[in-house]
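One is the number of the first residue; the rest follow in order along the sequence.
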Amino acid sequence: MNIFTRHTAAEVALPDSIAVLSALPVPVVVLDASNRFLSANPAAEQFFQLSFASLAQHRLSDLIPSDTRLFALVDQVRNQDAPVSDHDLTLESPRLHRTGVAAHGAPLPEISGAVVLTLQDGSKAQKLDRQLNFRGAARGASAMAAMLAHEVKNPLSGIRGAAQLLEQSASEADRELCVLIQDEADRIRTLVERMEMFSERPIERGVVNIHEVLDHVRRIASRGFASHLRIVEDYDPSLPPVWGNRDFLVQILLNLVKNAAEAVDPQGGEIQLSTAYHHGVRIAIPGSRERVHLPLQVSVRDNGPGIDEDVRATLWEPFVTTKRGGQGLGLAMVAKLVADQGALIECDSRPGRTVFRLSLPMPPADLPAIIETRTE
């Protein structure tokens, strides 16, 4: 028995090729014989960060240096008149920074010299992998932090209290030592309290207007630590509300903006806050078959010197810092708060351009679309 059923065009209206390409999450472009862009689907527009109207005015060499392996692949497709693939490509230019890219090229017989090119950005998958791995490691660190905080704070209070009692009957020389003990006990308590923030605590999530949060963060920054810098806003006004914790989102974004402010040159430094909607970002929840859609993206970009290559792999781990006197808990705390909200954060950095991208979920479909607002 034939288990396959053939449907006629009258029974099923099949989509045309353009509709199919537009629906694909993989970037697909068509290059003519001189490597001009003849076609590009929406995923390709996002990949190159240009609309097709702009891409149509360019050759591939205008966007990517002509000595990259991608050009050798395109030439090989034309010479062999056969599909060719290459992996782990780096596409680096002032406009583009992609690593771990897999490229697949094939000839297009209908147009002489034309090549259909698909590009899969492996760097995003690697970053999401690292973020999910950190989420598991953070839970172990959280349990350790909670235990240490509980075990250290109690005896620390006793030490400080004893030092206060000794100070009352001590000589002038010994009184100075008692004050020193109290100061050091306070310093240790402050550090323990910061570590205690890593403990696992249930958080309340709600419907949050992310532009209101960003405006609040911008005003704090422009009146304080970033008053000498230019802060640019590039928001998508049609962006729906996010599903998260407003206070934690403020804390996350304040930390990112403060890091950016400390990284840029005081003269000519610029920070850009932007929002956008991106399809296709989904993650699996550990221990569940459910996949969460994270289409709402918030970016914090600066024009500082960039993050050193040897720091990027451990960027989110506790006690990793390049700041003099820094404790290395800021970005670890950001990663923890992001993970607690079922969101993701990634970083792209090179000299002159560092971007932290926060991908957030939308409110559940069965909730009323009420935007959370707060008076300040």
Side-chain angles (χ1 to χ4, degrees), residues 15-127 232 234 236 270 272 274 276-281 297 299 301 303 306 346 348-355 357:
D16 60 22
S17 57
I18 294 177
V20 172
L21 285 175
S22 297
L24 287 176
V26 178
V28 181
V29 299
V30 177
L31 304 175
D32 68 9
S34 61
N35 287 337
R36 284 192 176 277
F37 289 90
L38 292 179
S39 179
N41 68 347
E45 294 177 316
Q46 185 177 328
F47 183 89
F48 287 104
Q49 299 176 9
L50 287 171
S51 67
F52 174 65
S54 298
L55 284 173
Q57 306 301 316
H58 291 89
R59 287 186 170 88
L60 186 61
S61 56
D62 296 333
L63 307 179
I64 302 169
S66 56
D67 58 351
T68 62
R69 282 159 39 202
L70 186 61
F71 286 88
L73 179 146
V74 172
D75 291 340
Q76 196 173 354
V77 170
R78 293 194 180 107
N79 294 335
Q80 297 181 1
D81 194 29
V84 179
S85 298
D86 200 353
H87 301 271
D88 201 25
L89 300 177
T90 297
L91 308 182
E92 182 81 56
S93 71
R95 178 180 292 277
L96 203 63
H97 178 73
R98 307 281 185 183
T99 58
V101 175
H104 309 274
L108 188 64
E110 291 82 357
I111 304 174
S112 177
V115 173
V116 179
L117 198 61
T118 64
L119 302 165
Q120 292 177 293
D121 186 1
S123 61
K124 192 169 190 74
Q126 292 165 5
K127 288 168 188 167
V232 179
D234 182 18
D236 178 354
E270 181 179 290
Q272 184 182 72
S274 60
Y277 188 97
H278 289 292
H279 294 280
V281 181
Q297 191 173 95
S299 299
R301 189 177 77 186
N303 61 349
E346 56 180 311
D348 263 333
S349 183
R350 61 181 185 271
R353 186 178 185 272
T354 296
V355 186
R357 295 187 183 91

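Residues Asp32 and Arg78 come closest through the heavy atom pair O-NH2, 2.7 Å. In terms of heavy atoms, Asp88 sits closest to Arg69 at O-NH1, 3.8 Å. The two residues Ser66 and Ser61 make their nearest non-hydrogen contact at CB-CB, 4.5 Å. When every heavy atom of Pro65 is checked against every heavy atom of Glu92, the shortest pair comes out as CD-O, 3.0 Å. Here the closest non-hydrogen pair linking Pro107 and Asp81 is CB-OD1, 3.4 Å. Scanning both residues, Ser85 and Leu73, for their nearest heavy atoms gives C-CD1, 3.8 Å.
In terms of the side chain to side chain contact (heavy atoms under 4.5 Å, CB included) criterion, residue partners of Val355 (sequence neighbours excluded) are, by chain and number, Ser299, Arg301, Arg353, Arg357. In terms of the ring-ring contact (aromatic ring centres under 6.0 Å, His included) criterion, Phe71 has no residue partners (sequence neighbours excluded).
Taking the side chain as every heavy atom from C-beta outward, Leu63 and Leu55 approach each other to under 4.5 Å. Between Thr354 and Asp348, every side-chain heavy-atom pair lies at or beyond the 4.5 Å cut-off. Here the side chains of Val30 and Val115 are not in contact, with every heavy-atom distance at 4.5 Å or above.
Of the listed residues (Asn35, Leu89, Leu70), just one forms a side-chain contact (heavy atoms from CB on, under 4.5 Å) with Ile64, and that residue is Leu70. Shown are Val28, Val77, Ile111, Val29; of these, the side-chain contact (heavy atoms from CB on, under 4.5 Å) with Val116 is made only by Val28.
Without hydrogens or angle criteria, Asp62 side chain to His58 main chain gives no donor-acceptor distance under 3.5 Å. With Asn303 contributing its side chain and Glu270 its backbone, the two residues share a donor-acceptor pair below 3.5 Å. Under the 3.5 Å distance criterion, the side-chain polar atoms of Arg59 are matched with a main-chain donor or acceptor of Ser34.
No side-chain donor-acceptor contact under 3.5 Å links His104 and Thr118.
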Residues 44-52 side chain polar contacts: donor-acceptor under 3.5 Å, at least two apart:
residue	atom	partner	partner atom	Å
Glu45	OE2	Phe52	N	2.7
Gln46	OE1	His278	ND1	3.3
Gln46	NE2	His278	ND1	3.1
Ser51	OG	Ser54	N	3.4
Ser51	OG	Ser54	OG	3.4

Residue pair Gln57, Arg36: steps toward the side-chain contact (heavy atoms from CB on, under 4.5 Å) verdict = CA-CA 8 Å; Gln57 306 301 316; Arg36 284 192 176 277; 5.9 Å; no
